[in-house]
Every structure is written in structure tokens, then in C-alpha cells.
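None of these values were measured; they are calculated from a predicted model.
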Amino acid sequence: QVQLVESGGGLAQAGRSLRLSCAASGSIASLTAMGWYRQAPGKQRELVALIIGSDSTNYADSVKGRFTISRDNAKNAVYLQMNTLKPEDTAVYYCATSGQMARMMKGDIDYWGQGTQVTVSS
């Protein structure tokens with residue numbers, strides 16, 4: 001079983017940056033796909049960024065050019081660098097993965113972190 005713990009959230013002014021970290025309880029090397037989701041009040045949880053393998057990434061249109069997902073298998077960690085933050089980025093951010101990449105690609109998430117709050121003020 002995989003446990004994921006997010007950190008790095010907080011309050012930031014629009015235009016500033018935050019870096020979120022996701023620490024896994026064990027090795028993430030075997031977890032091909034890992035991603036970051038977010039959920040704003042009253043809205044559905046949405047996929048923000050996905051990293052497949054070592055360097056293949058995908059981003060929601062709303063964050064393209066501003067957010068960067070990366071992973072460090074040696075540290076069992078996944079990161080989300082968030083630049084040029086906007087008020088609409090305010091949400092609880094979750095690290096996520098699945099035992100099989102195919103499941104995650106279909107939105108069937110097996111493991112969620114507890115979430116970290118990101119609040120962007122205008």
C-alpha cells in the first residue's frame with residue numbers, strides 16, 4: 001500500500017510562486033504515472049498535471065506554462081512548481097497515483113494524499 005503526504009501549500013499573492021511536495025511512504029519507481037489534482041469549493045476535482053515515466057508530462061490548459069510537475073525517484077517524491085499563481089488556482093491540491101497506469105489514465109485513482117491547501121489572494 002502506498003501512502004502519499006503533501007506539503008508546501010499556503011497563502012500566496014497573485015503572481016507569486018509555491019512549490020508543493022508529495023512524499024511517498026515507499027519507492028515510487030514502480031509507479032509509472034503520478035499526478036496532481038485539485039479541488040476548489042463547489043467544483044469537481046480536476047487533474048492539474050500528470051507525469052508518466054521520467055519525463056512525459058501533461059497539464060491542464062489552465063496551468064500550462066505556469067506549473068511544472070517533476071519527480072525524484074531517489075527521494076520518493078513528486079513536486080509541483082506553481083508559478084504566476086492566480087486566484088483561480090485556489091484549491092486543495094492532492095497528490096495521486098494508481099497501481100496501474102491504465103487505471104490512472106481512466107481516472108481510477110488508487111492512492112490519494114490528504115491534500116494541502118493553496119490560497120491565492122488578489
S.K.: Taking only Lys NZ, Arg NE, NH1 and NH2, and the carboxylate oxygens of Asp or Glu, determine whether Asp61 and Lys64 approach each other closer than 4.0 Å.
M.R.: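 Result for this pair is yes, salt bridge flagged.
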S.K.: Give every residue pair that meets the disulfide bond (SG atoms under 2.5 Å apart) criterion with at least one member in residues 1-99, sequence neighbours excluded.
M.R.: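 Only Cys22-Cys95 qualify under disulfide bond (SG atoms under 2.5 Å apart).
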S.K.: First locate atom CD of Gln3, then atom CD of Gln114, and finally report the distance between them rounded to the nearest 0.5 Å.
M.R.: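 Here the interatomic distance stands at 10.5 Å.
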S.K.: More than 12 heavy atoms of other residues, nucleotides or ligands under 6.0 Å from CZ of Arg103: yes or no?
M.R.: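 Yes, enclosed.
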S.K.: With the side chain counted from C-beta on, respond yes when Leu80 and Thr68 share a heavy-atom pair under 4.5 Å apart, and no when they do not.
M.R.: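 No; the side chains remain at least 4.5 Å from each other.
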S.K.: Report the C-alpha separation of Met82 and Val118 in whole Å, then their side-chain angles, then the decisive distance to 0.1 Å, and conclude whether the side chain to side chain contact (heavy atoms under 4.5 Å, CB included) test is met.
M.R.: CA-CA 10 Å; Met82 305 185 295; Val118 172; 3.8 Å; yes
S.K.: Rounded to the nearest 0.5 Å, what's the gap from CG on Asn73 to CE on Met34? Could you check?
M.R.: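 If we round to the nearest 0.5 Å, Asn73:CG and Met34:CE are 9.0 Å apart.
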S.K.: Out of curiosity, Glu46 CD to Trp36 CH2, how far, rounded to the nearest 0.5 Å?
M.R.: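 One gets 14.5 Å once the value is rounded to the nearest 0.5 Å.
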S.K.: Look at the side chain of Glu6 and the backbone N and O of Gly115, then say whether any donor-acceptor pair between them is shorter than 3.5 Å.
M.R.: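 The answer is yes, because a donor-acceptor pair under 3.5 Å joins these two groups.
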S.K.: Hey, could you give me the CZ/CD1 distance between Arg71 and Ile69, rounded to the nearest 0.5 Å?
M.R.: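 The distance works out to 8.5 Å.
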S.K.: Can you list everything that forms a side chain to side chain donor-acceptor pair (under 3.5 Å) with Ser62? Sequence neighbours excluded, please.
M.R.: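 For Ser62 the side chain to side chain donor-acceptor pair (under 3.5 Å) partners, ignoring immediate neighbours, are Arg38.
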S.K.: Tracing side-chain links under 4.5 Å among I, L, V, M, F, W and Y, which residues wind up in one group with Tyr79?
M.R.: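 Members alongside Tyr79: none; it stands by itself.
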S.K.: Let me see the working for Asp110 and Asp108 under side chain to side chain contact (heavy atoms under 4.5 Å, CB included), right down to the final yes or no.
M.R.: CA-CA 6 Å; Asp110 293 328; Asp108 296 323; 5.5 Å; no
S.K.: Rounded to the nearest 0.5 Å, what separates atom CD in Gln117 from atom OH in Tyr93?
M.R.: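 Output value for this atom pair is 9.5 Å.
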S.K.: Hey, any chance Leu18 and Val5 share a hydrophobic cluster, counting ILVMFWY side chains that come within less than 4.5 Å of each other, even indirectly?
M.R.: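 Unlinked, Leu18 and Val5 end up in two clusters.
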S.K.: Can you sort out the partners of Asn83 under side chain to side chain donor-acceptor pair (under 3.5 Å), two or more places apart, ordered by chain and number?
M.R.: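 Asn83 satisfies side chain to side chain donor-acceptor pair (under 3.5 Å) with Ser17, Gln81 once adjacent residues are dropped.
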S.K.: With a cutoff of under 4.5 Å between side-chain heavy atoms, which Ile, Leu, Val, Met, Phe, Trp and Tyr residues group with Tyr37?
M.R.: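 Joined to Tyr37, directly or through intermediates: Leu47, Leu50, Ile52, Val92, Tyr94, Met101, Met104, Met105, Ile109, Trp112.
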S.K.: What's the shortest heavy-atom distance between Thr97 and Ala33, and which atoms?
M.R.: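 Taking Thr97 first and Ala33 second, the nearest heavy atoms are OG1-O, 2.7 Å.
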S.K.: Do you know which two heavy atoms are closest between Val48 and Val63, and how far apart they sit?
M.R.: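 So the minimum-distance heavy-atom pair works out to O-CG2, 3.6 Å.
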S.K.: Tell me, with the steps shown, if Leu85 and Phe67 meet side chain to side chain contact (heavy atoms under 4.5 Å, CB included).
M.R.: CA-CA 9 Å; Leu85 284 164; Phe67 290 10; 4.1 Å; yes
S.K.: Give, for atom OG of Ser56 and atom CD1 of Ile51, the distance between the pair rounded to the nearest 0.5 Å.
M.R.: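 Reported to 0.5 Å precision, the distance equals 8.0 Å.
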S.K.: Can you name the side chain to side chain donor-acceptor pair (under 3.5 Å) partners of Asp72, sequence neighbours left out?
M.R.: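 Side chain to side chain donor-acceptor pair (under 3.5 Å) check on Asp72 returns nothing, list empty.
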S.K.: For the CD atom on Glu88, are there more than 12 heavy atoms of other groups (residues, nucleotides or ligands in this structure) within a distance under 6.0 Å?
M.R.: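 Check passes, neighbour count above 12.
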S.K.: Can you check side chain to side chain contact (heavy atoms under 4.5 Å, CB included) on Arg66 and Asp89, steps first, answer last?
M.R.: CA-CA 11 Å; Arg66 299 189 298 118; Asp89 294 321; 2.7 Å; yes
S.K.: Provide the closest heavy-atom pair for Ala40 versus Ala91 in the form atom of the first, atom of the second, distance.
M.R.: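 Shortest heavy-atom contact: N-CB, 3.8 Å.
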S.K.: Is it true that a side-chain atom of Thr119 and a backbone atom of Thr90 form a donor plus acceptor pair closer than 3.5 Å?
M.R.: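 No, Thr119 side chain to Thr90 backbone: no donor-acceptor pair under 3.5 Å.
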